[in-house]
> 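Below you will find the structure I want to go over with you.
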Amino acid sequence: MPDNIIEIRDLHKHFGDVRALNGISLTVERGSVVVVIGPSGSGKSTLLRCINHLETPTSGEVWIDGKRLTTNAKQLNAVRAEIGMVFQLFNLFPHLTVMENVTLAQRVVRKRPQEEAQEIAMQQLEHVGIPEKANAYPEQLSGGQQQRVAIARALAMNPKIMLFDEPTSALDPEMIREVLDVMLTLAKEGMTMVVVSHEMGFTRAAADSVILMDEGLIVEDTTPEELFTAPKHERTKLFLSQILHHTD
Amino acid sequence: MADHPSLSPTEESLPIELRKDPMAKRLSRFPWWFLTMILIALWTAYIIYSRENYSKAFERIIRGLGTTIITALVAYGVALVFGLLAGLGRISRNVVLNNLATLYVELIRGIPMLVLIFFIALVGVPTVVDAVNGLGGWLNDLGLTAVGGILSRVNNQAVSMSVRAVIALAVTYGAFLAEIFRAGIQSIGRGQTEAARSLGMSTGQAMRYVILPQAVRNVLPALGNDFVAMVKDSSLVSVLAVRDITQVARLYAGSTFRFREAYVTLSVLYLTMTVALSLLIQLVERRLRRHAR
């Protein structure tokens, strides 16, 4: 029996008249890496944000590690602490140092004592390769460094799942690599990851499955090999021709 | 500049006002208004020192300075609390809290401050005292005489005019500060809240540790301006016969008919305080901008 850490059943999300998600069902196995691709406006980010209920779904079910998410605030806070999220625009806390960014939630959510939190923060900063920036402020870092701090901040909570919402889209080309390297390491260490990204190099190297979304629906759910060699749907072929043109 | 002939235009091509020599340019940028203010202050200081009528007025009026400063400080401190609570209420998704806060802000903004001070001091406070007495009587009837006794014995005289003045100023300024806090909180991007919530923080924790520290830093200049305004508006408490510098000056002028001496001295006292405060605030802001990110 597969060990599904995320289970999504018939998920709908409407913003007024706009139907961002039109009935998504998806399972993610523990330890697997799922990459979500699709044209802009296809609902990729909304799907990701529904997994930790940053957006409340209009209807449908999200099950995390055997528990169904409700709108109960206590339950949501507890579940969110188990799901790390990395944003396109990093969203570091600009008034706090790197160290404080990485320790804040550990202290106020996990209730870890200051010293333990700092120790864990240091380990995670070493994990992402920038321990020397612990006392810097976010604005003193490059985009790539900021994104790596954001990853360390999420990892310091010891999450079971990591969500990445276009983590490299806002980065200068020369900084994309350092972030993808960190993500690759994570994938090899067995972290469950759901990644919205068009980085095909990463997809080829790390993804267990690839999902193509269009107009709020899953068009194709496949493996990287099949995606690149034998895409089933016309929509997939068209989309691939558009993005591969730019990335490879 | 001399290395880039194309970037340094000839004298003729410059507009007339920039053709002036650098000395003239510097003179035109010099803050003459500030020099004038300092001269006025020095001149008044000299007059107060040298003329007996002015020295007497000054000696009398300065006795109210403590009351003015304490009234402004305490009222502003309380107003900060009211303002923060009401500001949070204004952005709350809780319908009751949101409407209560909006009602408070709109009520206060629609009434002149002078009228509000009369109203709160002479109608609001007695009404609350009556309510407290009523509550005390009710507790007495229930047998809770320990608490009830204290509450039923509170009377209007127990709340001095100075306290009522502070309450009135605090309630009024709380409504202004509420809008400042609301704007400050709303100036922080949604991404910050989302990042905090995605880490498992509650709404309150995200507000306290992530949003408010950034919001307060953004609105510090506005908060500073309102403190200066509070110092000036504290003069309104004179209508409640609270002996701040304005009231003392009025009394002095009324009894001696030396209006000129009284009000020149009074104006210069306010001016000294507000200009000094503005400079202090600028200094603090500059320092914050250098240290904070």
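Naming convention: chains lettered A, B, ... in sequence-line order (proteins, then strands); numbering from 1 in each chain. Owing to the predicted nature of the structure, the values given are computational and were not obtained by experimental measurement.
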> Carefully, step by step, assess A/E82 and A/R80 under the rule salt bridge (Lys or Arg N to Asp or Glu O under 4.0 Å).
CA-CA 5 Å; A/E82 306 291 329; A/R80 285 194 188 122; over 6 Å; no

> Would you indicate whether the side-chain heavy atoms of A/L155 and A/M191 approach each other to under 4.5 Å?
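Contact flag for A/M191/A/L155 side chains = yes.
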
> Main chain of A/A121, side chain of A/Q124: is a donor-acceptor contact present, judged purely on distance under 3.5 Å?
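No.
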
> Do you see a donor-acceptor pair shorter than 3.5 Å between the side chains of A/E166 and A/S197?
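No.
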
> What option among A/V86, A/L163, A/L92, A/L76 has the most heavy-atom pairs under 4.5 Å with chain B?
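The candidate making the most pairs under 4.5 Å is A/L92.
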
> Side chain of A/R30, backbone of A/T192: donor and acceptor closer than 3.5 Å?
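No.
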
> Counting a contact as any heavy-atom pair under 4.5 Å apart, which residues of residues 168-201 of chain B contact chain A?
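The stretch touches chain A at B/G191, B/Q192, B/E194, B/A195, B/A196, B/R197, B/S198, B/L199, B/G200, B/M201.
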
> Is any side-chain heavy atom of A/E139 less than 4.5 Å from a side-chain heavy atom of A/P94?
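Not in contact.
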
> Just checking heavy atoms, which of residues 84-108 of chain B are less than 4.5 Å from chain A?
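When heavy atoms of chain A are the reference, residues 84-108 of chain B contributes no residue within the under-4.5 Å range.
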
> Quick check against the 3.5 Å criterion: does B/R208 have a side-chain atom that pairs as donor or acceptor with the backbone of B/P213?
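Checking the backbone N and O of B/P213 against the side chain of B/R208, no donor-acceptor pair under 3.5 Å is found.
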
> Between A/F87 and chain B, with a heavy-atom cut-off of 4.5 Å, which part of the residue counts as in contact: side chain, backbone, both or neither?
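Side chain of A/F87 only, per the 4.5 Å heavy-atom cut-off to chain B.
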
> Is there any residue in residues 43-66 of chain A with a non-hydrogen atom under 4.5 Å from a non-hydrogen atom of chain B, and which ones are they?
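Listed by number: A/R49, A/N52, A/L54.
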
> So, does A/R148 use its side chain to make a donor-acceptor pair with the main chain of A/V128 at under 3.5 Å?
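It does hold such a pair.
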
> So for atom CD, which belongs to A/E115, do other residues, nucleotides or ligands contribute more than 12 heavy atoms lying within a distance under 6.0 Å?
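Not more than 12 within 6.0 Å, no.
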
> Kindly say whether A/E100 contributes a backbone atom to a donor-acceptor pair with the side chain of A/T97 at under 3.5 angstrom?
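Flag set: sc A/T97 to bb A/E100 pair under 3.5 Å.
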
> Given 3.5 Å as the limit, does a donor-acceptor pair link the side chain of A/Q140 with the main chain of A/Y137, or not?
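Confirmed, A/Q140 side chain pairs with A/Y137 backbone.
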
> Hey, is the main chain of A/T70 close enough, under 3.5 Å, to the side chain of A/Q75 for a donor-acceptor pair?
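Between the backbone of A/T70 and the side chain of A/Q75 there is a qualifying donor-acceptor contact (under 3.5 Å).
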
> Please name all residues satisfying ring pair (Phe, Tyr, Trp, His ring centres under 6.0 Å) with B/W33, sequence neighbours left out, ordered by chain then number.
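Testing B/W33 for ring pair (Phe, Tyr, Trp, His ring centres under 6.0 Å), a comparison that skips the adjacent residues, returns none.
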
> Quick one: does A/R9's side chain get under 4.5 Å of A/E7's, heavy atoms only?
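With C-beta onward as the side chain, the pair touches.
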
